[in-house]
Amino acid sequence: MSVLQRAKTWEISESEESDADTKPDLKCDESRQTVAVKPDCDKDQSSHEKSKTLSASATKSESTSRGSRLSPPRVKSGTPSPARKRRSKEELEADRLKAKERKESRERQREAKAKEKEEKRREQERRREAAEHLKRLRPENCLRCLTVCVDPAVLQHHGSDILLDTLVTFEWKFSIESQQLPHSITWTRDLPEQGEDSKGPVEEEQVVLVQGLTDFMDMVICVKKMLESDGEESGVESFLSPLLECLNRDANKVVTVLVIDSLTNYRTKAYGGHSLGQMLQSQLGMEALDIEEVLVYLQLYKNISLVFLDGWQDITDHVCTVTKALSKRPFKLLTERAELPFCVDGSWASGVRAERDGLGLSQVWSRQIQQLNRVSPAVASTVTAAYPSPQLLLQAYQSVESEEEKKGLLAGLLVKSGGKERRIGPEISARVYRCLTAHNPQLVLD
């Protein structure tokens with residue numbers, strides 16, 4: 001017997017109503033649908049459970065839709081952001097000024113770093129140029145810059161090939177060209193410090209004149225006449241005339257007259273081996289005092305030196321000596337300009353470098369003591385170990401009353417040298433005392 005199940009009416013949610021509007025063919029049937037009663041009980045029970053499930057899902061969807069319409073928007077979890085406060089014009093202006101100051105500070109730091117970097121670069125450039133300049137001034141490098149200029153008239157003398165052979169052997173630069181003074185030898189230098197701005201070689205002030213004994217006697221006669229006429233040079237002729245004109249144009253010239261005594265054998269035979277002065281006196285008819293007066297006048301008033309040589313080998317040696325001296329002169333002038341010669345750079349001068357922070361002053365103090373006569377490095381080290389500075393030694397002298405005790409203050413110090421010990425002694429002690437306390441620059445310390 002079929003049991004009629006009572007019909008159940010489902011309530012349709014608004015969302016389903018909206019779907020129902022989209023589907024007009026199901027709107028009326030689903031809104032008021034009545035379920036027919038099934039004869040089977042199991043079917044009835046399953047239908048009942050199914051109706052409950054559909055009713056619960058409908059209720060849930062309805063509540064969800066209502067909640068979504070009525071509830072406020074959900075805020076994300078986390079720290080809520082504070083409300084932005086609107087700043088005033090003064091605060092904006094202050095922030096702008098601070099930003100501008102920070103920017104200027106960064107610019108200043110950047111400029112300071114760039115300036116420091118540029119100064120370091122310039123300092124390195126100056127040091128490199130100074131090192132190159134010092135290297136160029138070395139005698140071996142300056143010797144390459146010198147050129148020996150020989151007048152063609154000099155080569156007419158017999159034996160002058162010795163000079164040229166020697167210059168070729170030493171690999172020195174030389175040139176054969178006419179000079180302002182006949183029979184002269186001069187030197188020119190390509191100055192390394194001028195660099196690219198150099199206008200050519202610079203002529204040195206050293207001049208060497210080569211003349212025979214006959215020319216020298218003519219020059220002595222001319223000078224004697226000039227002295228008798230109260231120094232009038234207008235009437236001077238022969239060999240001395242171009243020489244005086246050259247000296248009048250350039251007073252810095254240093255002239256050396258090399259007199260070749262080519263009449264040595266003749267003098268030995270004719271005059272029985274008498275000296276050159278006696279031969280000149282007989283040839284010129286002058287007294288020895290007159291000849292000395294001529295030589296002194298040439299040397300003191302005209303800066304002309306006279307050297308008597310036997311032959312061309314001696315002349316070659318003299319020219320080589322002058323060439324080497326000229327090559328050493330720039331470096332010597334550089335070292336002589338130092339205020340303290342014992343503080344110059346380089347081991348070549350046996351000096352000590354004193355840094356700005358005081359490093360090396362103890363070594364300078366030791367070298368100062370070693371400059372005294374018969375003072376060894378061991379003695380100087382002993383003194384500097386006992387008194388590390390000159391001021392401490394002077395204070396020790398002031399603390400002693402008697403003069404004898406001051407002189408013997410360092411006499412008892414022990415000096416260790418070669419495994420042996422000895423005392424400095426009163427002599428060196430007194431010498432150091434006089435060196436540090438004397439006010440007379442001409443005082444002899446020994």
Side-chain angles (χ1 to χ4, degrees), residues 132-216 219 239 242-243 246-247 250 252-265 303-335 348:
E132 292 178 356
H133 177 68
L134 185 62
K135 184 178 179 180
R136 289 194 298 265
L137 291 182
R138 294 285 183 181
E140 59 273 13
N141 295 327
C142 285
L143 193 58
R144 302 189 186 100
C145 301
L146 286 174
T147 302
V148 183
C149 303
V150 183
D151 189 77
V154 175
L155 303 179
Q156 296 177 3
H157 293 271
H158 179 68
S160 59
D161 55 341
I162 299 177
L163 175 62
L164 297 182
D165 293 341
T166 305
L167 296 178
V168 172
T169 303
F170 289 157
E171 296 181 356
W172 292 350
K173 294 190 299 183
F174 67 93
S175 64
I176 301 175
E177 55 186 8
S178 299
Q179 305 296 319
Q180 295 180 357
L181 291 176
H183 303 271
S184 66
I185 300 174
T186 60
W187 287 263
T188 58
R189 182 194 301 273
D190 298 328
L191 293 179
E193 59 267 18
Q194 291 184 355
E196 298 179 357
D197 299 335
S198 177
K199 298 180 180 180
V202 177
E203 186 176 355
E204 296 287 342
E205 66 273 8
Q206 295 290 335
V207 179
V208 171
L209 266 71
V210 181
Q211 63 178 7
L213 190 60
T214 305
D215 296 331
F216 169 71
M219 183 177 65
F239 184 81
L243 178 58
C246 179
L247 293 177
D250 189 358
N252 295 325
K253 290 291 184 181
V254 180
V255 181
T256 302
V257 179
L258 303 181
V259 181
I260 303 177
D261 188 8
S262 59
L263 302 178
T264 305
N265 296 331
N303 202 14
I304 300 174
S305 301
L306 285 95
V307 180
F308 296 93
L309 302 176
D310 293 334
W312 271 94
Q313 184 60 50
D314 295 338
I315 293 177
T316 302
D317 295 341
H318 182 86
V319 172
C320 293
T321 303
V322 175
T323 305
K324 293 180 180 180
L326 290 176
S327 66
K328 296 177 181 179
R329 187 175 61 175
F331 198 76
K332 287 185 177 180
L333 292 177
L334 182 64
T335 56
W348 50 268

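Note that the coordinates shown come from a computational prediction; the quantities given were computed from them, not determined experimentally. Index from 1, following the sequence. All values below come from the heavy atoms of this structure, side chains included, with hydrogens, waters and symmetry mates left out.
- Taking OG1 of Thr166 as the start and CH2 of Trp172 as the end, the distance is 9.0 Å to the nearest 0.5 Å.
- No more than 12 heavy atoms of other residues, nucleotides or ligands shown are found within 6.0 angstrom of CD on Glu171.
- Expressed to the nearest 0.5 Å, how far CG of Leu209 lies from CG of Leu258 amounts to 8.0 Å.
- Arg329 contributes atom CZ, which lies 10.0 Å from atom SG of Cys142 (distance to the nearest 0.5 angstrom).
- If you take OG on Ser327 and NZ on Lys332, they are separated by 9.0 Å, rounding to the nearest 0.5 Å.
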Quick one, Val257 with Ile304, criterion side chain to side chain contact (heavy atoms under 4.5 Å, CB included). Give me CA distance, side-chain angles, the key distance, then yes/no. CA-CA 7 Å; Val257 179; Ile304 300 174; 3.6 Å; yes
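- Rounding to the nearest 0.5 Å places OG1 of Thr147 at 12.0 Å from CH2 of Trp187.
- Qualifying side-chain contact (heavy atoms from CB on, under 4.5 Å) partners for Ser160, counting only residues two or more places apart in sequence or in other chains: Leu155, Trp312.
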Let's go through Val259 and Leu213 carefully: what are the C-alpha distance in whole Å and the side-chain angles of both, what is the deciding distance for side chain to side chain contact (heavy atoms under 4.5 Å, CB included) to 0.1 Å, and is it a yes or a no? CA-CA 6 Å; Val259 181; Leu213 190 60; 4.1 Å; yes
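- Residue Gln180 places its CD atom among 12 or fewer non-hydrogen atoms of other residues, nucleotides or ligands, all under 6.0 Å distant.
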For a side chain to side chain contact (heavy atoms under 4.5 Å, CB included) check, start with the C-alpha distance between Leu181 and Asp151, then their side-chain angles and the critical distance, and finish with the verdict. CA-CA 8 Å; Leu181 291 176; Asp151 189 77; over 6 Å; no
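- For the atom pair Leu163 CG and Cys320 SG, the distance stands at 7.0 Å (nearest 0.5 Å).
- Nearest approach of Asp314 to Asp310, heavy atoms of both residues: OD2-N, 3.4 Å.
- For Val319 against Thr323, the heavy-atom pair with the smallest separation is O-OG1, 2.8 Å.
- Inspection of the Gln179 and Thr186 side chains reveals an N or O donor paired with an N or O acceptor under 3.5 Å.
- Side-chain N or O atoms of Lys173 include none that pairs as donor or acceptor with a backbone N or O of Leu146 at under 3.5 Å.
- Side-chain atoms of Glu203 and Cys149, non-hydrogen and from C-beta on, never get closer than 4.5 Å to each other.
- The two residues Asn303 and Lys253 have their closest heavy-atom pair at ND2-O, 3.5 Å.
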Let me see the working for Leu306 and Phe216 under side chain to side chain contact (heavy atoms under 4.5 Å, CB included), right down to the final yes or no. CA-CA 10 Å; Leu306 285 95; Phe216 169 71; 2.8 Å; yes
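- The closest donor-acceptor contact from the side chain of Asn141 to the backbone of Lys135 lies under 3.5 Å.
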